[in-house]
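Below: one structure, written as structure tokens.
To find a chain, count down the sequence lines: A is the first, B the second, and so on, and within it residues start at 1.
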Protein chains: 2
Amino acid sequence: MYVQVKFRIFVYVFSVMKELKYRHIQNYLKSKIQQGVFKVGDYLPSENELCMQFSITRTTVRKALDELLKEGFIEKQHGKGSRVRERRQSLGLLSVKGFSEAVGGNVKTVFIQKPVLAKWDTDIVLPVSYDDKNSPCCYFERLRFVGDRPVMREKNWMAYIALPSFLNTEFVDGSFFKTLSQKYFIEIIGSTQELRAESADRNNARLLKIEEDAPLLHISIKFFTSSAKLIIYSELYCHTSSYPVSNSYFL
Amino acid sequence: MYVQVKFRIFVYVFSVMKELKYRHIQNYLKSKIQQGVFKVGDYLPSENELCMQFSITRTTVRKALDELLKEGFIEKQHGKGSRVRERRQSLGLLSVKGFSEAVGGNVKTVFIQKPVLAKWDTDIVLPVSYDDKNSPCCYFERLRFVGDRPVMREKNWMAYIALPSFLNTEFVDGSFFKTLSQKYFIEIIGSTQELRAESADRNNARLLKIEEDAPLLHISIKFFTSSAKLIIYSELYCHTSSYPVSNSYFL
DNA sequence: TAGTGGTCTAGACCACGGT
DNA sequence: CCGTGGTCTAGACCACTAG
């Protein structure tokens with residue numbers, strides 16, 4: 001009896017430690033993508049090749065690829081292969097129309113405040129988690145332009161301890177999310193948002209070059225990431241009269 | 001040679017006609033859910049039972065259930081079973097805070113215009129598809145309250161021919177989407193949206209009982225459905241100062 | 001302990017894409 | 001024609017839930 005119990009505990013601990021086979025393949029491929037070994041547009045090894053490489057069956061390989069598909073890292077093409085795709089930014093987050101369409105030199109992002117240590121601001125609308133409040137806070141602020149017109153002010157906060165070396169990091173392609181993915185291997189896995197139409201206060205009016213009291217779209221977002229420690233809080237102020245905010249969802 | 005070609009055509013037609021086994025199970029279960037045979041909270045037959053009922057393997061049954069999971073019709077519980085869940089309304093669509101939370105008698109929806117034949121309105125922001133423009137148009141308009149306060153005006157258009165008997169249909173639980181699902185077996189499968197902060201015009205100000213020129217959140221949505229013929233165009237005007245619009249996205 | 005869903009194996013045949 | 005991904009079979013063992 002005693003032996004049996006010990007055995008069961010051992011089995012339990014072992015099973016908790018063990019990484020599932022399909023998770024292993026999934027994480028292996030994901031890290032290769034994040035590291036840029038497999039670039040956007042590249043084809044992954046075929047399912048049969050992966051079977052041989054890892055000595056597993058196709059069912060398991062397909063399960064791993066299905067997960068990567070769900071996460072938006074790859075797309076599959078019958079008869080051709082699985083290809084790395086640009087990860088969907090449409091994770092329930094809204095994009096300013098013109099930021100995706102206008103791919104010429106039209107779009108510009110300017111730092112108003114490069115990442116610095118700061119206090120947790122009362123401007124943050126969505127509740128800041130308890131752990132975050134007990135950490136120093138890292139803050140940065142940007143202004144986004146379409147052509148010469150400022151269309152969005154973006155304020156971001158997060159726990160300093162979650163990204164220690166972030167203060168001195170150069171942004172990859174000027175993108176915060178790309179930086180998180182490629183330098184820290186952290187992905188956005190979810191978000192909650194609140195949207196309001198407000199009147200522009202003096203500061204926003206000045207930055208976005210609109211009249212005070214003009215209608216302004218205020219979006220409060222809390223981003224959850226693959227790192228449990230890192231939650232990103234953002235407040236966006238969008239001048240939507242020429243460039244509405246848009247998004248799509250399918251499936 | 002000639003015979004071979006005929007044979008291949010036959011095979012092709014056959015394969016096009018044939019419903020995949022997992023699709024068959026998927027559609028079977030989906031229709032039972034939509035018809036209310038399996039209600040929200042009910043457990044579906046176990047995977048092994050479905051195997052026996054349809055004389056197929058568990059792999060195939062699981063594929064069918066995975067699809068239903070992705071579509072949001074069921075949730076799985078290890079060791080218990082697969083349960084019908086309230087289908088996610090969060091298909092990229094935003095819900096007014098308070099409409100989901102306030103489940104008491106607090107929320108009210110009032111028709112300003114019951115479904116009628118109308119013209120395609122120029123108020124529709126997103127492009128109306130060519131086929132739709134050539135059909136008569138069905139229109140209805142509602143006003144949504146939290147308590148006694150009007151918080152959202154909702155205008156809806158769609159092709160009359162896609163839902164012939166809709167003009168005389170009673171809404172299920174006062175919900176348009178529930179009506180589509182339970183009476184027509186049509187589900188929302190995607191949407192695109194545009195959001196703007198605007199100043200309230202006289203009409204919206206009157207209906208929402210706010211001042212003219214107060215900031216108003218204007219959401220334009222195009223819903224795509226499981227019926228290729230039916231696309232729904234909506235324009236929402238939200239008074240967000242007390243009840244912001246919110247949504248969440250995960251995975 | 002019985003029944004459920006979760007993972008995995010070792011095959012098979014098919015449809016699609018390009019040579 | 002061959003290699004790719006898509007579907008499907010017939011098993012096996014495991015972990016979770018509940019009586």
Side-chain angles (χ1 to χ4, degrees), chain A residues 1 4-5 7-29 38 41-70 73-85, chain B residues 1 4-5 7-29 38 41-70 73-85:
Chain A
M1 198 59 157
Q4 193 180 12
V5 169
F7 176 69
R8 292 177 73 170
I9 288 173
F10 169 73
V11 169
Y12 178 70
V13 169
F14 179 71
S15 71
V16 164
M17 305 303 286
K18 190 184 175 193
E19 190 180 33
L20 295 171
K21 288 193 183 180
Y22 82 85
R23 287 274 176 219
H24 180 69
I25 314 299
Q26 179 188 349
N27 291 332
Y28 167 82
L29 292 172
F38 299 129
D42 288 355
Y43 284 95
L44 298 183
S46 77
E47 297 181 354
N48 282 317
E49 279 174 331
L50 290 170
C51 290
M52 290 186 296
Q53 272 186 46
F54 292 92
S55 302
I56 53 175
T57 53
R58 244 186 90 207
T59 310
T60 308
V61 167
R62 285 179 63 76
K63 173 74 174 167
L65 293 176
D66 275 354
E67 293 295 315
L68 290 173
L69 191 67
K70 263 194 253 177
F73 284 98
I74 63 168
E75 58 192 340
K76 292 186 149 204
Q77 292 166 299
H78 194 170
K80 295 187 76 176
S82 298
R83 206 166 52 166
V84 179
R85 55 167 266 192
Chain B
M1 200 58 159
Q4 194 180 10
V5 170
F7 176 69
R8 292 178 71 170
I9 289 173
F10 169 73
V11 170
Y12 179 69
V13 169
F14 179 71
S15 72
V16 165
M17 305 304 285
K18 188 184 175 191
E19 188 180 35
L20 295 170
K21 287 195 182 181
Y22 81 85
R23 288 273 176 222
H24 180 70
I25 314 300
Q26 179 188 349
N27 291 332
Y28 167 82
L29 292 172
F38 299 127
D42 288 355
Y43 284 94
L44 298 184
S46 77
E47 297 182 355
N48 283 316
E49 279 174 332
L50 290 169
C51 291
M52 290 186 295
Q53 271 185 48
F54 291 93
S55 301
I56 54 177
T57 53
R58 244 184 93 204
T59 311
T60 308
V61 167
R62 284 179 63 76
K63 173 74 174 166
L65 293 176
D66 275 354
E67 293 297 313
L68 292 173
L69 191 66
K70 264 195 254 179
F73 283 99
I74 62 168
E75 58 192 341
K76 292 185 150 204
Q77 294 165 298
H78 195 171
K80 295 187 75 176
S82 299
R83 205 165 52 164
V84 179
R85 54 166 268 192

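At whole-Å resolution of the value, CD in B:E75 and P in C:dT4 are 18 Å apart. Put simply, CD on B:E47 is 18 Å from P on D:dG11, counting in whole angstrom units. For the pair A:R23 CZ and D:dA15 C1', the interatomic distance rounds to 15 Å; values are reported in whole Å. Here the P atom of nucleotide D:dG5 and the CG atom of A:L44 are 9 Å apart, to the nearest Å. With rounding to whole Å, B:L20 atom CG is found 14 Å from D:dG5 atom C1'. Rounded to a whole Å, the CG atom of B:N48 is 12 Å from the P atom of C:dG6. Nucleotide C:dG18 holds its C1' atom 11 Å from the OH atom of A:Y43, rounded to whole Å. Here the P atom of nucleotide C:dC16 and the CD atom of A:Q77 are 15 Å apart, to the nearest Å.
Looking at the side chain of B:K76, the nearest of the listed nucleotides C:dG6, D:dA10, D:dG6 is C:dG6. Here the nucleotide nearest the side chain of A:T60, chosen from D:dT7, C:dC8, D:dG5, is C:dC8. Considering only side-chain atoms of A:S46, the nucleotide from C:dT9, D:dC8, D:dT4 that sits closest is D:dT4.
Contact between A:F38 and A:P45 at its shortest, heavy atoms only, is CZ-CD, 3.7 Å. Contact record, A:L65 with A:K76: CB-CE, 3.7 Å, taken as the closest heavy-atom pair. The nearest pair of heavy atoms linking B:K21 to B:I56 is CD-CG2, 3.7 Å. Here the closest heavy-atom approach between residue A:I74 and residue A:L69 is recorded as O-CD1, 3.3 Å.
Within the nucleic acid shown, A:I56 comes within 4.0 Å of sugar-phosphate atoms alone, with no base atom in reach, counting heavy atoms only.
Comparing B:K63 and B:R58, the nucleotide of DNA chain D nearest to each residue sits closer to the 5' end for B:K63. Projected onto DNA chain C by closest heavy-atom contact, A:K80 and A:K21 fall at different nucleotides, the more 5' of which corresponds to A:K21. Looking at which nucleotide of DNA chain D each of B:G79 and A:H78 is closest to, the 5′-most match is held by A:H78.
Under the Watson-Crick or G-U wobble criterion, with both distances below 3.5 Å, D:dA18 is paired with C:dT1.
In this structure the side chain of A:E19 reaches within 4.5 angstrom of the side chain of A:N27, judged on heavy atoms.
Taking only side-chain nitrogens and oxygens, B:Y22 never comes nearer than 4.0 Å to OP1 or OP2 of D:dC8.
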